[in-house]
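Heavy-atom basis, side chains included; hydrogens, waters and symmetry copies ignored.
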Amino acid sequence: MLMKQYLLKETIPLVKKSFQIDYEKELNPAQLEAATILDGPVLVIAGAGSGKTRTLVYRVARLVESGVPPENILLLTFTRKAAQEMLRRASMMIDDRCERVHGGTFHAVANSLLRRYAPLIGYSSAFTILDRSDAEDIINLLRTQMGLSEKSRRFPRKNTIAEIFSKSVNKMEPISHIMEQEYFHFYEELQELLGLQELYKKYKEQNQLMDYDDLLVNFRTILENHPDVRAEISRKFRFLMVDEYQDTNRLQSEIIQFIASEHNNVMVVGDDSQSIYSFRGANFRNIMDFPKRFSGTRIITLEENYRSTQPILDLTNEIIINAKEKYTKHLFTKKTKGALPILIAAENENYQSRFICQKVLEIREEGVPLDEIAILCRAAFHTFDLEIELARRNIPYVKFGGFKFIETAHVKDVLAHLRLLINPRDAISWHRVLMLIGKIGPRTSHNIIEWIIKNRKEPEDLTSYPEKAKFTEGIRQLHELLTTLTRKGLTIPDQINLTCRYYEPILKNKYDDYPKRLKDLEHLQNITARYSTLEHFLSDLALEPPNESVAGVAAPDSDDERLVLSTIHSAKGLEWNTVFIIWALEGKFPSSYAFNSEEEMEEERRLMYVAATRAKENLFITYPVNIYDRVSGKVFSKPSRFVREIPSELFENWALTEELDYSY
C-alpha cells in the first residue's frame with residue numbers, strides 16, 4: 001500500500017558563544033564572510049591565489065564550533081587527499097570533531113551510499129567496482145564476441161572505446177555527439193559502438209559490476225527516482241560544500257542539487273576563469289548558472305591574491321576582462337612592487353628555445369632554484385625544440401603532461417628509419433622498423449637482423465632476404481623508402497617528410513589517437529629546418545638530460561633541482577617564482593582549431609589566464625614569428641590575441657638579437 005510521507009522538521013540550534021578561533025584576525029573580509037555564512041546557497045568566486053582552501057577549512061571549523069554535528073557536514077573534493085588535508089587542518093585548529101566530517105570525492109561518497117541503496121536499482125550491496133583496466137578488458141571481451149576485433153576492419157581499441165563511453169556518461173551526451181566532436185575518424189562505426197555499449201551495460205548488471213562512471217550514474221538514478229531516499233540523504237547532509245566547482249560535470253552538478261534539495265545549504269567554491277577541463281567533461285555552465293539553480297544565492301568574490309606581484313596581476317586582470325561571460329573580479333595584492341611581465345618576440349622557434357635556456361641560467365645565478373622555474377605550454381609538443389636545447393646545455397628538467405619528445409613511440413618509430421641511414425648495423429633501429437611491417441614478429445625480425453649484420457648488407461639489399469615470401473610487399477615498401485632517403489640533394493626536412501609519409505598509414509593503424517600524434521610529427525618536421533646534417537640532428541635528439549645538476553652552476557646541495565616543463569592543464573593549482581609561457585602565437589595559442597567556436601576560444605582565454613597566474617615574481621611570454629603551419633598552409637606571425645589586447649604599459653617588449661662568440 002502506498003504510504004504518504006509526512007516530513008518531520010527539525011531545527012539545529014546553532015550555538016552562540018565565543019569561538020576558539022579569532023576568525024576576524026585570521027581571514028580577510030571576503031574570506032570571513034564566506035566562512036561565517038552558514039545557511040542558504042553561497043557561491044564563492046575564488047580568484048587565483050586568493051586562499052580558497054583556507055576559506056573552506058575555516059568554514060568547516062566554524063560550522064563545527066557553531067554546534068553543527070560533524071556527521072551532518074559533507075565536503076566534496078576532486079581528490080581524497082584534498083579532503084583529508086582540509087579536515088586535518090580544521091582539526092588542528094579546534095579539535096578532532098572535524099575528523100568526523102564526511103569528506104571525499106564524488107565517487108567515494110556515491111560508493112558509500114550505494115552500498116546501502118543499490119538494491120533499489122537491482123544491484124546487490126556487495127557489487128564489485130571495476131577499475132579502468134578491468135573495464136577495458138570486459139569491453140575487449142565483448143568486442144571480440146561481436147566480431148569487432150577482426151584485422152580486416154578498422155575498429156577502435158578497448159581503451160578508446162572506454163574513453164568514448166566515459167565521456168558520453170560524464171557529459172550526459174549521446175555517443176553520436178562525442179564521436180562527431182572528438183572521434184570523427186571512427187564515426188562509421190557508430191551503430192556497432194551503440195550495440196557494444198548496450199551489451200557492456202547488460203554484462204555489468206548481470207555480473208553485479210559497476211565501473212567508476214556507474215557509481216555516479218546509479219547514485220543519481222536513485223536520488224532522482226526515489227524521493228524518500230533523496231530526502232533522507234539530504235537531511236543527513238544538512239551542510240554541503242564543494243571545492244573546484246568549475247571542474248564539475250553535468251552529472252555531478254545534478255547530484256549536488258539532489259543532495260541539497262531539503263535545505264539548500266550548499267556552498268560551492270571555484271573560479272569561472274579557471275574552467276579549462278571541458279575535454280574531461282567539465283561544464284562551464286555549472287558555475288555560471290548556479291544562482292539560477294539555487295534561488296537566493298549569495299555571491300562572494302575573493303580578490304586579494306597572496307601569490308603574485310601587482311604588475312603580474314595587472315596583466316592577468318586584462319587577459320580575463322575581455323571574456324564574453326564571467327563573474328567580474330579584480331585581483332589585487334599587498335605586494336605592489338615587482339618587475340613588469342616581459343613579452344619576447346623570437347625570430348624562430350630555436351631563438352625562443354635559446355632565449356629560455358639562457359634566461360633560466362641567468363635567473364638561477366640570481367638565486368632562484370630550477371624547480372622554482374616553469375615553462376608552460378598550450379600543447380605538449382610545443383616544448384620539443386626546447387627539450388633538445390635543454391639537453392644540449394645540460395639543464396635537467398621534468399615534464400608534466402605528455403611524454404618527453406624522444407620518449408613518444410611514434411617519434412621513435414620515425415627516427416629509427418633515419419638512424420639506419422647513418423648506421424646500417426643498428427640492430428635496435430632495425431628491430432623497431434621491421435616490427436612495423438605486417439606479419440613480421442620478434443623471431444622473424446631477429447632472423448632478418450642477423451642476416452643483415454652477418455652478411456654486411458646495406459639497407460638497399462633488403463629485398464634479397466631469402467625468406468621474405470609472407471611479407472614481400474612490406475619489405476619492398478621499406479626498401480623503397482630507405483633507398484629514396486639515400487639520394488643526393490635531399491635536405492633533412494625532405495628526409496623527415498618522406499619518412500612521415502611512409503609511416504602515416506602505419507600510424508593510423510597503430511594508434512586510435514593518430515590525429516594528435518600527427519601533430520607531433522608535423523612539429524618534428526619543423527624542428528629539422530635548422531639542421532644541415534642528419535648526424536647533427538640525430539645526435540641532438542639522442543642527448544639525455546643528465547642526472548646531475550647544471551654543470552658549473554649547481555650548488556653542492558642542489559642535485560635534485562629540475563626545471564619544470566608542463567602543459568597548462570597539468571599546471572593548474574601550482575605556482576612558481578618564475579614562469580615562461582611559450583608559443584603565445586596566434587594560431588598556436590589560441591589554437592587554430594578554436595577559431596570557429598566561441599566556446600572553445602573562451603576556454604583558450606581561460607588557459608592563458610591560468611598560465612599567467614602561476615607566476616609569483618617573474619613572468620615571460622614568448623612567441624616565434626613567421627611560423628609556417630603545414631596543416632593549414634598559413635604563416636603565423638602575430639602574437640596571441642590575448643596578448644595583443646593587453647595595454648602596452650603593462651609589460652616590456654623585448655626583441656632578441658644575436659651576438660656571435662668565436663672563442664674556442
Side-chain angles (χ1 to χ4, degrees), residues 12-70 72-77 82-83 85-95 97-99 101 103 237-246 260 263-274 287 290-291 294 296-308 310 313 317 326-336 573 575 613:
I12 298 176
L14 298 181
V15 181
K16 291 186 177 181
K17 61 172 185 177
S18 60
F19 297 103
Q20 289 178 240
I21 301 170
D22 187 345
Y23 293 90
E24 288 80 2
K25 179 182 178 182
E26 297 294 330
L27 302 171
N28 69 38
Q31 292 172 335
L32 178 66
E33 183 183 5
T36 55
I37 290 179
L38 303 184
D39 60 331
V42 182
L43 170 61
V44 179
I45 299 298
S50 62
K52 73 173 179 62
T53 300
R54 182 180 181 85
T55 304
L56 280 169
V57 168
Y58 276 85
R59 188 170 193 263
V60 169
R62 182 71 172 215
L63 283 167
V64 173
E65 281 207 274
S66 298
V68 177
N72 292 149
I73 303 171
L74 176 61
L75 172 63
L76 288 170
T77 60
E85 177 62 16
M86 288 186 203
L87 299 181
R88 184 190 66 80
R89 287 170 58 182
S91 295
M92 289 176 62
M93 291 191 298
I94 47 174
D95 52 51
R97 284 176 293 168
C98 293
E99 294 180 0
V101 170
F237 299 123
R238 294 176 181 273
F239 293 89
L240 174 61
M241 286 177 282
V242 186
D243 188 22
E244 302 284 9
Y245 189 68
Q246 79 281 346
H263 48 71
N264 274 2
N265 294 330
V266 54
M267 172 183 279
V268 300
V269 181
D271 185 2
D272 55 298
S273 300
Q274 296 187 67
I287 196 165
F290 184 85
F294 292 90
T297 292
R298 281 171 282 190
I299 302 176
I300 301 169
T301 305
L302 306 184
E303 297 176 295
E304 184 171 358
N305 179 283
Y306 296 92
R307 175 187 299 155
S308 308
Q310 193 60 52
L313 295 180
N317 286 331
K326 62 184 179 299
Y327 288 102
T328 301
K329 58 183 172 296
H330 188 84
L331 297 181
F332 67 92
T333 180
K334 292 184 173 68
K335 296 187 284 187
T336 55
E575 59 184 43
T613 53

Closest heavy-atom pair and its distance - [X], [Y]:
X: F239; Y: L38; result: CE2-O, 2.7 Å
X: T328; Y: T301; result: O-CG2, 4.3 Å
X: V68; Y: I73; result: CG1-CG1, 3.8 Å
X: I37; Y: M267; result: O-CE, 4.5 Å
X: I299; Y: P291; result: CD1-CG, 4.1 Å
X: Q20; Y: M93; result: NE2-O, 4.1 Å

For residues [X] and [Y], determine if any side-chain heavy atom of one lies less than 4.5 Å from a side-chain heavy atom of the other.
X: F290; Y: V266; value: yes
X: E26; Y: I21; value: yes
X: R54; Y: L27; value: yes

| request: Could you give me the CA-CA distance, side-chain angles and deciding distance for L87 and E99, then say whether side-chain contact (heavy atoms from CB on, under 4.5 Å) is met? | output: CA-CA 6 Å; L87 299 181; E99 294 180 0; 5.7 Å; no

| Do the side-chain N and O atoms of S273 and K329 include a donor-acceptor pair separated by under 3.5 angstrom? | yes

| task | Identify, with sequence neighbours excluded, every residue that meets side chain to side chain contact (heavy atoms under 4.5 Å, CB included) alongside T55. | result |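 So T55 forms a side chain to side chain contact (heavy atoms under 4.5 Å, CB included) with Q31, A34, L302.
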
| Under the side chain to side chain contact (heavy atoms under 4.5 Å, CB included) test, residues paired with K52 that sit two or more places apart |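 Partners of K52 under the side chain to side chain contact (heavy atoms under 4.5 Å, CB included) test: A46, D243, E244, V269.
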
| message | Taking R62 first and then E65, would you say they form a salt bridge - that is, a charged N and a carboxylate O separated by under 4.0 Å? | response |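 A salt bridge is absent here (no side-chain N lies under 4.0 Å from a carboxylate O).
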
| query | Do the charged groups of D39 and R298 touch, with an N to O distance under 4.0 Å? | reply |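 Judged by the 4.0 Å cut-off on N to carboxylate O distance, D39 and R298 do form a salt bridge.
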
| field | Residues in ring-ring contact (aromatic ring centres under 6.0 Å, His included) contact with Y327, at least two apart in sequence or another chain | value | none

| NZ on K335 to OG on S308, rounded to 0.5 Å | 6.5 Å

Polar side-chain atom of [X] near backbone of [Y] as donor-acceptor pair, under 3.5 Å:
X: N72; Y: F237; answer: no
X: N305; Y: T333; answer: no
X: R307; Y: T613; answer: yes

| query | What residue among L63, L75, V64, V57 forms side chain to side chain contact (heavy atoms under 4.5 Å, CB included) with C98? | reply | V64

| Which is it for V268 and I287 under the side-chain contact (heavy atoms from CB on, under 4.5 Å) test, yes or no, and what are the steps along the way? | CA-CA 9 Å; V268 300; I287 196 165; 5.7 Å; no

